[in-house]
Amino acid sequence: MSLPERTGSSGRSPVIRHHSLSCIVQESGRLDTVVSSSLSIQRSVFSLPSMEIILNGKKAKKSSKVAEGDSVSIEYDEEVFEGLEGEDIPLSVIYEDDSILVIDKPQAMVVHPGAGVHSGTVVNALISRYGDDFAASDDERPGIVHRLDKDTSGVMIIARTSSALECLQKQFFNHEAEKHYKAIAKGSFPLTHAFIESNIERDPKDRRKFRATDRLDRGKTARTEYTVERSFVSYSLLDVHLHTGRTHQIRVHLSSIGHPILGDPIYGTKDPRYPEATLMLHAYSLEINHPETGERMHFVSSLPERFAHILKLLERS
């Protein structure tokens with residue numbers, strides 16, 4: 001059942017909340033699964049960059065195994081966005097029913113409010129579209145199942161109910177959702193099909209950035225698969241399949257092997273031959289199981305004009 005539409009002014013500033021929690025484990029299993037249940041918190045908080053986990057007095061990972069009687073303490077900071085208000089921002093809708101909304105997110109649109117961005121986001125548009133009850137039902141980031149970077153365009157799915165949100169988050173966590181991207185990356189690739197596997201951690205010298213690391217005790221595991229679709233003189237068009245969903249994963253992995261994405265302002269360098277190029281990364285395909293019916297659904301977004309323009313220029317070079 002659709003909620004009433006409304007419009008409003010911009011959202012409020014984000015608030016940082018610090019959480020310090022502990023528990024004695026009552027059952028064996030994976031740490032994040034067991035502890036989230038014991039503390040009645042969402043398992044997704046274990047993926048926050050600020051998360052610190054202490055298991056029996058020693059640092060641990062969310063994937064660590066725990067047993068009955070173990071002592072677990074966690075600390076993390078969480079951005080919450082109190083007083084979010086709707087904004088009448090048009091969304092490009094690919095599909096919609098009572099459980100899910102699938103949109104084609106444009107480049108430069110932020111998914112949810114954060115530091116320095118308090119309005120004009122996908123979340124502001126969703127609250128306007130579905131009303132105050134939608135904002136209240138799913139806490140401070142209503143309906144957000146997964147994120148796309150501000151400069152990444154393409155298919156994005158939103159949950160319209162709490163049950164749909166929980167189901168879809170589990171699919172992403174368990175890698176049941178299949179995500180494909182198009183990217184234009186620097187250089188020629190020696191292999192037309194390959195995997196990039198390395199942990200990804202936050203760059204200690206620049207909090208905006210992440211970096212690949214071969215150390216298994218640092219960062220989070222990440223796996224990226226790519227296929228070269230077309231090769232040009234200086235660049236290649238790739239189909240990229242994400243097997244994990246780390247922040248900036250494709251951008252970090254491609255840059256780590258010497259093939260940064262054209263137009264990437266963080267992990268690449270400006271190419272004077274293509275000054276108009278913005279980040280050439282587009283989420284063009286998403287497959288999920290419908291949270292209510294279980295039907296396998298496939299959503300596609302056509303390549304945006306910025307891709308068509310750059311590809312024409314590359315063909316002439």
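These numbers were taken from a predicted model, which means no experiment stands behind them. Numbers for residues simply follow the sequence, beginning at 1.
You'll find the side chain of His175 stays beyond 4.5 Å of the side chain of His243, heavy atoms only. Two residues are said to be in side-chain contact when any heavy atoms from C-beta on lie closer than 4.5 Å; Gln171 and Val145 fail this criterion. Counting heavy atoms from C-beta outward, Glu292 and Asp98 have side chains that stay 4.5 Å or more apart. Side chains of Cys23 and Val35 form a contact here, defined as non-hydrogen atoms less than 4.5 Å apart. Inter-residue side-chain proximity for Tyr274 and Leu314 is flagged as met; some heavy-atom pair is nearer than 4.5 Å. His248 places a side-chain heavy atom less than 4.5 Å from the side chain of Ile266. A heavy-atom distance below 4.5 Å is found between the side chains of Phe46 and Ile41. Side-chain atoms of Phe172 and Ile157, non-hydrogen and from C-beta on, do get closer than 4.5 Å to each other.
For the pair Ile200 and Ala222, the tightest heavy-atom approach, listed with the atom from each and the gap, is CD1-CB, 3.8 Å. Residues Ala185 and Leu254 share a closest heavy-atom pair of CB-CD1, 4.3 Å. Closest non-hydrogen pair, Arg215 versus Asn199, comes out as O-ND2, 3.4 Å. Residues His253 and Thr224 share a closest heavy-atom pair of ND1-OG1, 2.7 Å. Contact detail for Leu191 and Val228: the closest heavy-atom pair is O-CG2, 3.8 Å. Across all their heavy atoms, Lys61 and Asp217 have their closest contact at NZ-CA, 4.0 Å.
Judged by the 6.0 Å and 45° rule, Arg43 forms a cation-pi pair with Phe173.
For CG of Asn174, the number of neighbouring non-hydrogen atoms (other residues, nucleotides, ligands) closer than 6.0 Å is greater than 12. When the shell of 6.0 Å around NZ of Lys150 is examined, it contains 12 or fewer heavy atoms from other residues, nucleotides or ligands.
Here the side chain of Ser255 pairs a donor or acceptor atom with the backbone of Tyr267 at under 3.5 angstrom. The closest donor-acceptor contact from the side chain of Gln107 to the backbone of Asp151 lies under 3.5 Å. Judged purely by atom type and a 3.5 angstrom limit, Asn56 uses its side chain to pair as donor or acceptor with the backbone of Ser71. A donor-acceptor contact shorter than 3.5 Å links the side chain of His282 to the backbone of Ser302. A donor-acceptor pair under 3.5 Å is absent between the side-chain atoms of Lys182 and the main chain of Leu237, judged by distance alone. The main-chain N or O of Leu311 is never found under 3.5 Å from a side-chain atom of Tyr235 such that the two would form a donor-acceptor pair. When atom types are taken as modelled, the side chain of Ser236 and the backbone of Ser231 share no donor-acceptor pair closer than 3.5 angstrom. The closest donor-acceptor contact from the side chain of Lys270 to the backbone of Pro275 lies under 3.5 Å. For the pair Asp97 (side chain) and Ser99 (backbone), a donor-acceptor distance under 3.5 Å is present.
In terms of hydrophobic clustering, with Ile, Leu, Val, Met, Phe, Trp and Tyr side chains grouped at heavy-atom distances under 4.5 Å, Ile261 and Phe210 are assigned to different clusters. No continuous path of hydrophobic side-chain contacts links Tyr284 to Leu286 [ILVMFWY only; heavy atoms under 4.5 Å]. Ile54 and Met51 are not part of a single hydrophobic cluster, where members link through side-chain heavy atoms under 4.5 Å apart. Under the 4.5 Å side-chain heavy-atom criterion for Ile, Leu, Val, Met, Phe, Trp and Tyr, Ile184 and Leu148 are members of the same hydrophobic cluster. Linking ILVMFWY side-chain heavy atoms closer than 4.5 Å, directly or via other members, places Leu48 and Leu21 in a single hydrophobic cluster.
For the atom pair CZ of Phe189 and NE2 of His259, the computed distance is 4.5 Å after rounding to the nearest 0.5 Å. Atom CG of Asp104 sits about 3.0 Å away from atom OG of Ser301, to the nearest 0.5 Å. Taking CG from Leu242 and CD from Gln249, the interatomic distance works out to 5.0 Å, rounded to the nearest 0.5 Å. Between the CG atom in Asn289 and the NZ atom in Lys170 there is a gap of 13.5 Å [rounded to 0.5 Å]. With rounding to the nearest 0.5 Å, the separation of CD1 in Ile196 from OH in Tyr226 is 6.0 Å. Interatomic distance, Ile53 CD1 to Lys62 NZ, rounded to the nearest 0.5 Å: 8.5 Å.
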side-chain contact (heavy atoms from CB on, under 4.5 Å) between Leu91 and Lys105, worked out: CA-CA 8 Å; Leu91 296 172; Lys105 187 190 87 66; over 6 Å; no

Stepwise side-chain contact (heavy atoms from CB on, under 4.5 Å) test for Arg246 and Val252: CA-CA 10 Å; Arg246 309 307 180 198; Val252 171; over 6 Å; no

Verdict with supporting geometry, Val93 and Arg129, side-chain contact (heavy atoms from CB on, under 4.5 Å): CA-CA 12 Å; Val93 176; Arg129 187 180 185 90; 3.6 Å; yes

Steps toward side-chain contact (heavy atoms from CB on, under 4.5 Å) verdict (Val155, His298): CA-CA 10 Å; Val155 181; His298 184 201; over 6 Å; no

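Ser153 and Arg306 share a side-chain donor-acceptor pair at under 3.5 Å. If you check the side chains of Arg273 and Ser234, you find a donor sitting under 3.5 Å from an acceptor. In summary, the side chains of Ser38 and Gln26 do not present any donor paired with an acceptor at a separation below 3.5 Å, with no hydrogens or angles considered.
By the 4.0 Å N-to-carboxylate-O rule, Asp203 lies too far from Lys205 to be salt-bridged with it. Ionic pairing of Lys59 and Glu52 is not present here: no N-O contact between side-chain nitrogen and carboxylate oxygen is shorter than 4.0 angstrom. For Asp271 and Lys186, the salt-bridge test fails: no basic side-chain N is under 4.0 Å from an acidic carboxylate O.
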